[in-house]
Amino acid sequence: QVVLFGLRPHDNPPVNQYTITRSDLTLHGSFVGLNPFEQTIQLAVEIAREGREGNPVGSLFVVGDAQKVLEASRPLILNPFQGYSEDKRRITDPNLAETVKEIAQIDGAFVIRHDGVILSAGRYLDAPAKGIKLPKGLGTRHLAAAAISKAAEAIAITVSSSTRTVRIFRKGKIVMQSSPLRGLWI
């Protein structure tokens, strides 16, 4: 078991511990390292809190079976990560954080391999959304996140530009959500 961000979402009010198991972070038989997963969520929370140049920013990150995600998507822009070594594309590299935040302003998803290497950004996710049920008010970014997390062995993380809420999707459902401006995970 691992403790994620010191938060446990299902207590009312939430307390400062949330325990997840290794199986929660195992996708298609491969363990999604805690560091890549945590760092991706940390960047999403920072994007939600800070936006970019004073403006709110929405974004979508997909971590896991990157090959299947790439097959179920297409580029909206030229890949800004193409041509760089894997060492320069690791989500856990603190020197990459500001670049990720800058690119997050562009439409489309980041595709991150289970070991934390960013393979692409600006991807249009085209996974089938049949049978996906989401709360009213969530938009296409959230529908795409739910659909890709159901179609591929992947975890999708969204940042809402309107509410600045961070949501985590697994197997087509919201498994956690946060209001970073209020500091709560539910």
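Between Glu53 and Gln105 the shortest side-chain heavy-atom distance does not fall below 4.5 Å. Between Arg123 and Pro75, some side-chain heavy-atom pair lies under the 4.5 Å cut-off. Put simply, the side chain of Asp115 reaches to within 4.5 Å of the side chain of Arg90, judged on heavy atoms.
Listed here is the closest heavy atom pair of Pro80 and Ile77: CD-CD1, 4.1 Å. For Ala154 against Val69, the heavy-atom pair with the smallest separation is CB-CG2, 4.2 Å. Nearest heavy-atom pair, Ala147 versus Ala129, reported as atom, atom and distance to 0.1 Å: CB-CA, 4.0 Å. Considering every non-hydrogen atom in both Ala104 and Val57, the closest pair reads O-CG1, 3.6 Å. Closest approach of Ile157 and Val166 over heavy atoms only: CG2-CG1, 3.9 Å. Residues Thr92 and Gln39 share a closest heavy-atom pair of CA-CG, 3.9 Å.
Linking ILVMFWY side-chain heavy atoms closer than 4.5 Å, directly or via other members, places Ile112 and Val100 in a single hydrophobic cluster. Hydrophobic clustering, with ILVMFWY side chains joined whenever heavy atoms are under 4.5 angstrom apart, keeps Leu119 apart from Leu96. With hydrophobic clusters built from ILVMFWY side chains whose heavy atoms lie under 4.5 angstrom apart, Val62 does not share a cluster with Ile41. Hydrophobic clustering of Ile, Leu, Val, Met, Phe, Trp and Tyr side chains at less than 4.5 Å, counting indirect connections, keeps Ile168 apart from Val111. Under the 4.5 Å side-chain contact rule for hydrophobic residues, Val63 and Met176 share a cluster.
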### Query
When you look at Lys171 and Ser149, which way does the side chain to side chain contact (heavy atoms under 4.5 Å, CB included) test go after all the steps?
CA-CA 5 Å; Lys171 296 183 180 180; Ser149 76; 5.6 Å; no

### Message
One pair to check against side chain to side chain contact (heavy atoms under 4.5 Å, CB included): Arg164 and Val159. What are the steps and the verdict?
### Response
CA-CA 6 Å; Arg164 296 188 175 193; Val159 178; 5.7 Å; no

#### Entry: Criterion side chain to side chain contact (heavy atoms under 4.5 Å, CB included) on Val117 and Ile91, from CA distance to verdict
CA-CA 6 Å; Val117 174; Ile91 195 80; over 6 Å; no

### Query
Given the rule in the side chain to side chain contact (heavy atoms under 4.5 Å, CB included) test, do Arg167 and His142 qualify, once you have shown the distances and angles that lead to the verdict?
CA-CA 8 Å; Arg167 291 181 177 85; His142 301 92; 3.5 Å; yes

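Looking at residues two or more places apart in sequence or on another chain, you find a side-chain contact (heavy atoms from CB on, under 4.5 Å) between Asn79 and Phe81, Gln82, Ser120. Remark: Arg141 engages no residue in a salt bridge (Lys or Arg N to Asp or Glu O under 4.0 Å) (not counting sequence neighbours). Taking Asn95 as the reference, Asp93 meet the side-chain contact (heavy atoms from CB on, under 4.5 Å) condition, with sequence neighbours excluded. Residues that satisfy the side-chain contact (heavy atoms from CB on, under 4.5 Å) test with Gln67, not counting sequence neighbours, are Asp65, Glu71.
The backbone N or O of Ile118 lies less than 3.5 Å from a partner atom in the side chain of Arg89, making a donor-acceptor pair. Here the side chain of Ser73 pairs a donor or acceptor atom with the backbone of Leu70 at under 3.5 angstrom.
In this structure, the separation between CG on Leu60 and OG1 on Thr140 is 9.5 Å, given to the nearest 0.5 Å.
The hydrophobic cluster containing Leu138 also includes Ile132, Leu134, Leu143, Phe169, Ile174, under a criterion of side-chain heavy atoms closer than 4.5 Å among ILVMFWY residues, counted directly or through chains of members.
Using a cut-off of 4.0 Å between Lys/Arg side-chain N and Asp/Glu carboxylate O, Arg52 and Glu46 are scored as not salt-bridged. Residues Glu153 and Arg170 are paired through a salt bridge, judged by an N-O separation under 4.0 Å between the basic side chain and the carboxylate.
Every pair passing ring-ring contact (aromatic ring centres under 6.0 Å, His included) that includes a residue from residues 42-74 is listed here, sequence neighbours excluded: Phe61-Phe110.
Within a 6.0 Å radius of CG in Asp107, other residues, nucleotides and ligands contribute 12 heavy atoms or fewer.
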